[in-house]
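Please read the structure below before turning to the comments.
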Amino acid sequence: MKLFEQQELQVYNSLSKSKEKFKPIHEGAVGMYVCGPTVYSNVHMGNCRTFLSFDLVFRYLKHLDYKVRYVRNITDAGHLENDGESGDDPILKKARIEKLEPMEVVQKYTVDFHTTMAKFNALPPSIEPTATGHIIEQIQIVSDIISEGYAYEKNGSVYFDVIKFNEDHTYGKLSGRNLEDMISNTRELTAQSEKRNPQDFALWKKAEPQHIMHWPSPWSKGFPGWHLECTAMSTKYLGNKFDIHGGGMDLKFPHHECEIAQAEACNHESPVNVWMHANMLTLNGKKMSKSTGNNILPDELFTGNNDILSKAFSATVAKFFMFQAHYRSILDFSNDALEASEKGFNRLMDAYRSLDGISTSEKSSMDISAWRQSCYNAMNDDFNSPILIAQLFEASKFINGLKDGNETISEKDLSILKTTMHDFIFEVLGLVDVASENTGDGNKLEAAITLLISLREKARANKDFATSDQIRDQLLEAGIQLKDGKEGTTFSIQ
RNA sequence: GGCAUCAUGGCCGAGUGGCUAGGCAGAGGUCUGCAAAACCUUCUACAGCGGUUCGAAUCCGCUUGAUGCCUCCA
């Protein structure tokens, strides 16, 4: 029996604004598309939060035994900073600044993105298509939309006719906007726009002479509109209708709204069952952003080389911090919050590691099966990782009680406890036990510390506290903490 | 200006009608040669004002404040 048959997953759908029972179109298989980064600069922590949120979704779906096809694109064709004629393409801009070929810019930051995601122990998606690799598919969609009568050409550019579309469809249903309001509230001053009305958006843009990334098309030598690539790549790899489409909250409008319009215009059906939006990571109470500079980069976090934090934090601690908040809540990035998370994370890892030394009894003093289900209940409730983590801390408390002999556990329950802790910490949350990783040649280090512990025991027996305290304090300075318990001394590496 | 979201204890952050988050920090205790760790106890809050209800942090209204989107953005 597959796990998903035993667990009822509820997912919040941005489209219906409510939690819905998750039921994939094809039983046992899930198609998920997530809008990836535009690769014209290093991804910052805010970008990472979104991708880690969906990594959690991916991991949990897989854990539930779903076969998941996870498609996350790379936007490697730049898009104009404003929809007018004077817009700038960030990739071209960056290429000028760094004196690189545009595709060199793209390559450089794609590699950075992959490296960063690997540091966060995020799983690679099943397919990672690029916009420039799907120009033909995008041109085809533009043709289809024109044939359907929802787009028009002007001077070699093609625009989506939102008003026409809205006559027999609903534009704005995802973001809760209505077209009449939008039109009446427009303070549009761009008089010489080619668009019939300001709500229209570009499907194809004719390239200006200085625009060096361009492709031939029936309308002009040009480049595709921003919203088109996601429609092309999601439907190509997942079909005209698929289960989950995710992305950052800031993409809800206009990007995802336009994706819906494009897909409905040419495929006559709504493309996505469940729309998921991950909320923003803020810094100083404001959204992290590439353009405003209000951001912190992953490497600045890992090295401690930044003005925001008092010290360096590991990728896994940063991830743990983010998962202590729900993916749909705004989360503010701060030193205090990270420090608190780091301490909590270390405590959780200590408890997990001490599972190996637990001895069993006849009966358990905690209902392990009920606890295990409560972990699933947390994740089943729209991937509520903070509740899951709270449950892991409940288990930690129990494990510590076992260690101190205040609690008991049966052999069978211990096995369930170990498996469940392992699955949720490492498989679902995708955390990494940094301390044990640091001791790759851990046996040697462990032998050395064990020796020091026994020397300290001898000193203590002889009441030579100067020596015993020196061993304890100097090890602590080196980041190794000795812990005296009833069963003897153990240690943990910070 | 329009649309939307949010406001929880010292800090971070769950929770959506009656029962409980959790982490960090603080206080007291057990343990210890002294500590640390661990354990136990404790501090018990829901922006303000009204309304609905037997009962509201949770529903409704208003006020205040903050944020996001409306232009590239995770």
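Just so it is clear, the structure is predicted and the values come from calculations on it, not from any experiment. Below, chain A is the first sequence line, B the second, and so on; all start at residue 1.
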**Asked** So what's the dot-bracket for RNA chain B: Watson-Crick or G-U pairs under 3.5 Å, [ ] if a pair crosses, | if it pairs off-strand?
**Response** (((((((..(((.....[...))).(((((.......)))))....(((((..]....))))))))))))....

With a non-hydrogen cut-off below 4.0 angstrom, is [X] in contact with a base, only sugar-phosphate, or nothing?
X	result
A/E342	nothing
A/N178	nothing
A/L482	base
A/G285	sugar-phosphate
A/H44	base
A/A337	sugar-phosphate
A/S341	nothing
A/K286	sugar-phosphate

Work out how far the [atom1] atom of [N] is from that of [M], and round it to whole angstrom.
N	M	atom1	answer
B/A56	B/C46	C1'	11 Å
B/A36	B/U30	P	13 Å
B/C60	B/A4	P	14 Å
B/C11	B/U52	P	33 Å
B/C43	B/G22	P	13 Å
B/U44	B/U20	P	14 Å
B/A7	B/A57	P	15 Å
B/A45	B/A37	C1'	30 Å

**Request:** Kindly write out the residues that satisfy side-chain hydrogen bond (donor to acceptor under 3.5 Å, both in side chains) with A/K287, not counting sequence neighbours, or none if the list is empty.
**Result:**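 By the side-chain hydrogen bond (donor to acceptor under 3.5 Å, both in side chains) rule, A/K287 matches A/D250.
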
**Set of side-chain hydrogen bond (donor to acceptor under 3.5 Å, both in side chains) partners for A/Y40, sequence neighbours left out** =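 side-chain hydrogen bond (donor to acceptor under 3.5 Å, both in side chains) list for A/Y40, sorted by chain: empty.
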
Between [options], spot the one nearest the side chain of [X], thanks.
X	options	answer
A/E394	B/G22, B/A14, B/A74	B/G22
A/M280	B/A37, B/A74, B/C40	B/A74
A/S291	B/A25, B/C72, B/C39	B/C72
A/P90	B/C72, B/A38, B/A21	B/C72
A/N47	B/U16, B/A74, B/A21	B/A74

Under the salt bridge (charged side-chain N to carboxylate O under 4.0 Å, His left out) rule, collect the residues that match up with [X], sequence neighbours excluded.
X	result
A/E8	none
A/D423	none
A/K19	A/D381
A/K17	none

**Prompt:** RNA chain B: A/K287 or A/L331, which has the more 5' nearest nucleotide?
**Reply:** A/L331

**Prompt:** For RNA chain B, whose closest nucleotide is more 5', that of A/N406 or that of A/S289?
**Reply:** A/N406

For the residue pair [X] and [Y], is the inter-centroid distance of their aromatic rings smaller than 6.0 Å?
X	Y	result
A/H134	A/Y237	yes
A/F424	A/Y376	yes
A/F113	A/F51	yes
A/F223	A/H214	no
A/F120	A/F302	yes
A/F160	A/Y171	no

Looking at [X], I'd like to know whether one of its side-chain N or O atoms comes within less than 4.0 Å of OP1 or OP2 on [N].
X	N	result
A/N400	B/C39	yes
A/K93	B/C72	no
A/S329	B/A14	yes
A/K343	B/A25	yes

Using atom [atom1] of [X] as one end and atom [atom2] of [N] as the other, report the distance to the nearest whole Å.
X	N	atom1	atom2	result
A/L174	B/C70	CG	P	14 Å
A/L281	B/G68	CG	P	12 Å
A/I399	B/C39	CD1	P	10 Å
A/R347	B/C12	CZ	P	20 Å

**Request:** May I ask you to decide whether A/E457 forms a salt bridge with A/R460, counting only side-chain N to carboxylate O separations under 4.0 Å?
**Result:** yes

**Request:** May I ask you to decide whether A/R353 forms a salt bridge with A/D433, counting only side-chain N to carboxylate O separations under 4.0 Å?
**Result:** yes

**Request:** For nucleotides 26-34 of chain B, just jot down a letter per nucleotide in 5' to 3' order: B, S or -, based on protein non-hydrogen atoms under 4.0 Å.
**Result:** ------SBB

**Contact check, side chains of A/E342 and A/F313, non-hydrogen atoms, under 4.5 Å** =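 Of all side-chain heavy-atom pairs linking A/F313 with A/E342, at least one is under 4.5 Å.
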
**Asked** How about A/I480 and A/L452: do any of their side-chain heavy atoms sit closer than 4.5 Å?
**Response**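 No, every pair of side-chain atoms sits at 4.5 Å or beyond.
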
Pairs: protein N or O with nucleotides 3-10 of chain B N or O, under 3.5 Å:
| from | atom 1 | to | atom 2 | distance (Å) |
| --- | --- | --- | --- | --- |
| B/C3 | O2' | A/G176 | O | 3.1 |

What's touching nucleotides 43-46 of chain B from the protein side, N or O pairs under 3.5 Å?
none

**Nucleic acid contacts - residues 319-327 of chain A versus RNA chain B, non-hydrogen atoms under 4.0 Å** =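 Within this stretch, A/Q324, A/A325, A/H326 sit under 4.0 Å of the strand.
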
**Message:** Does either side chain, that of A/T316 or that of A/S314, offer a donor lying less than 3.5 Å from an acceptor on the other one?
**Reply:**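 No.
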
**For A/F58, ring pair (Phe, Tyr, Trp, His ring centres under 6.0 Å) partners two or more places apart** =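 For A/F58 the ring pair (Phe, Tyr, Trp, His ring centres under 6.0 Å) partners, ignoring immediate neighbours, are A/Y70.
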
**Request:** Mind checking the CG-NE2 spacing from A/L301 to A/H44? Nearest 0.5 Å is all I need.
**Result:**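 Going from the CG atom of A/L301 to the NE2 atom of A/H44 covers 13.0 Å.
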
